[in-house]
Amino acid sequence: MTTLVERRDLPAALPARSRRDTETDTVQFAQAALAAAKQEGLRLAVRARYVALAVIACLLPIINPAWEQLYYVALLGLFALIGWAQARVGRVGVSRPELALLFCDLALLTFVIVGPNPLGSGHWPAAMQLHFGNFIYFFVLLSGATLAYSWRTVIAVGTWTSALWIIGIAWVWWQPDRDPALTARIAAAIGSDHRLFQLISPNSIVFG
């Protein structure tokens, strides 16, 4: 009798097991698809980064043909190395090493843009670094983030960029005037046109 009851229950149990197996296979397939999409996005982002870095390395000597540009060309190698590391540690879900590398990307770029060039011969005010529109280089990193990461990570990258840029501008704001006599001569030459003074003064932070 027990054997007959087990045989009667067996057809009812088979569909339930089949459904569980199907659900498990579906989840595994979705996870594999997400992982493949993430890796493909990372590879695309890293390749785009390498192309952008190569173009920037070629343009820098053309824009400013001076030996001091070697400092920035060397730092491009660090950005390439960070991109390679991101492709190695990237995975689906929250990855602290991956987020740390993203933050290092943004922090290094902020330092490069705001900080003075140690190979530079001129002693310009720190605010002059903001007169060259170098913020556009952030879009190389931001565009790569949109190719490889979720919307939450993209929002985090944008928030970090804003916070780091504000910190960088605050640091520039607190730097002393390296040549007060030059600033005074410019102010005397311009007169009462404060807007023009804000545009051409070497100590002016161009907030726009």
Side-chain angles (χ1 to χ4, degrees), residues 45 48-49 51-83 99-146 153-208:
R49 173 189 292 234
V51 172
L53 293 177
V55 172
I56 293 171
C58 294
L59 285 177
L60 285 177
I62 297 174
I63 295 173
N64 186 8
W67 288 107
E68 62 190 50
Q69 294 300 312
L70 293 177
Y71 169 71
Y72 299 112
V73 173
L75 287 175
L76 293 177
L78 286 180
F79 287 109
L81 184 61
I82 292 175
L99 292 175
L101 288 170
L102 282 170
F103 185 83
C104 288
D105 245 348
L106 301 171
L108 178 60
L109 185 55
T110 304
F111 173 79
V112 171
I113 293 176
V114 174
N117 186 341
L119 301 181
S121 56
H123 299 284
W124 288 358
M128 280 299 297
Q129 292 288 101
L130 306 179
H131 286 227
F132 300 113
N134 290 328
F135 187 85
I136 59 174
Y137 292 110
F138 272 106
F139 293 110
V140 175
L141 304 181
L142 295 175
S143 60
T146 61
T153 305
V154 172
I155 290 176
V157 169
T159 304
W160 293 342
T161 301
S162 302
L164 288 168
W165 192 244
I166 290 171
I167 292 171
I169 290 179
W171 178 82
V172 171
W173 179 273
W174 287 105
Q175 296 306 300
D177 189 347
R178 296 185 181 181
D179 195 345
L182 174 61
T183 305
R185 289 197 300 270
I186 294 174
I190 293 175
S192 61
D193 194 340
H194 299 291
R195 185 180 178 186
L196 181 59
F197 177 75
Q198 290 296 322
L199 288 173
I200 67 176
S201 172
N203 288 286
S204 174
I205 295 179
V206 186
F207 287 103

| request: Would you check if Tyr72 and Asn117 make a side-chain contact, meaning some heavy-atom pair closer than 4.5 Å? | output: yes

| request: Indicate the atoms forming the closest heavy-atom contact of Leu199 with His131, along with that distance. | output: O-CE1, 3.9 Å

| request: Check whether any side-chain heavy atom of Leu60 sits under 4.5 Å from a side-chain heavy atom of Val73, and report yes or no. | output: yes

| CG on Leu130 to CH2 on Trp173, rounded to 0.5 Å | 12.0 Å

| query | Does the side chain of Trp160 reach to within under 4.5 Å of the side chain of Thr110, using non-hydrogen atoms? | reply | no

| Do any N or O atoms from the side chain of Gln129 and from the backbone of Gly115 form a donor-acceptor pair under 3.5 angstrom? | yes

| Flag if over 12 foreign heavy atoms under 6.0 Å of CH2, Trp171 | yes

| task | Give, for atom CG of Leu164 and atom OG1 of Thr159, the distance between the pair rounded to the nearest 0.5 Å. | result | 10.5 Å

| Tell me the side chain to side chain donor-acceptor pair (under 3.5 Å) pairs involving residues 195-205, sequence neighbours left out? | Asp177-Asn203, Thr183-Asn203, Gln198-Ser204

| query | Roughly how far apart are Thr161 OG1 and Ile166 CD1, rounded to 0.5 Å? | reply | 11.0 Å

| For the student: nearest non-hydrogen atoms of Ala127 and Pro202, plus distance | CB-O, 3.6 Å

| message | Measuring from atom CG of Leu109 to atom CG of Leu78, what distance do you get when rounded to the nearest 0.5 angstrom? | response | 12.0 Å

| request: Tell me, with the steps shown, if Trp165 and Val114 meet side-chain contact (heavy atoms from CB on, under 4.5 Å). | output: CA-CA 9 Å; Trp165 192 244; Val114 174; 4.0 Å; yes

| task | Any pair with a residue in residues 99-110 that passes salt bridge (charged side-chain N to carboxylate O under 4.0 Å, His left out), sequence neighbours left out, goes on the list, sorted by first then second residue, please. | result | Arg49-Asp105

| remark: Taken to the nearest 0.5 Å, the spacing of Ser162 OG from Ile167 CD1 works out to 11.0 Å

| Shortest non-hydrogen contact between Ile56 and Val140, atoms and distance | CD1-CG2, 4.4 Å

| query | Do the non-hydrogen side-chain atoms of Leu102 and Leu106 ever get within less than 4.5 Å of each other? | reply | no

| request: Before giving the answer on side-chain contact (heavy atoms from CB on, under 4.5 Å), spell out for Leu108 and Phe79 the whole-Å C-alpha distance, their side-chain angles and the decisive distance to 0.1 Å. | output: CA-CA 8 Å; Leu108 178 60; Phe79 287 109; 3.7 Å; yes

| query | Under 6.0 Å from the CZ atom of Phe132, do we count more than 12 heavy atoms belonging to anything else shown? | reply | yes

| note | Heavy-atom closest pair (Phe197 atom, Ile190 atom, distance to 0.1 Å) is CA-CD1, 3.7 Å

| Phe135, CZ atom: more than 12 neighbouring heavy atoms under 6.0 Å | yes

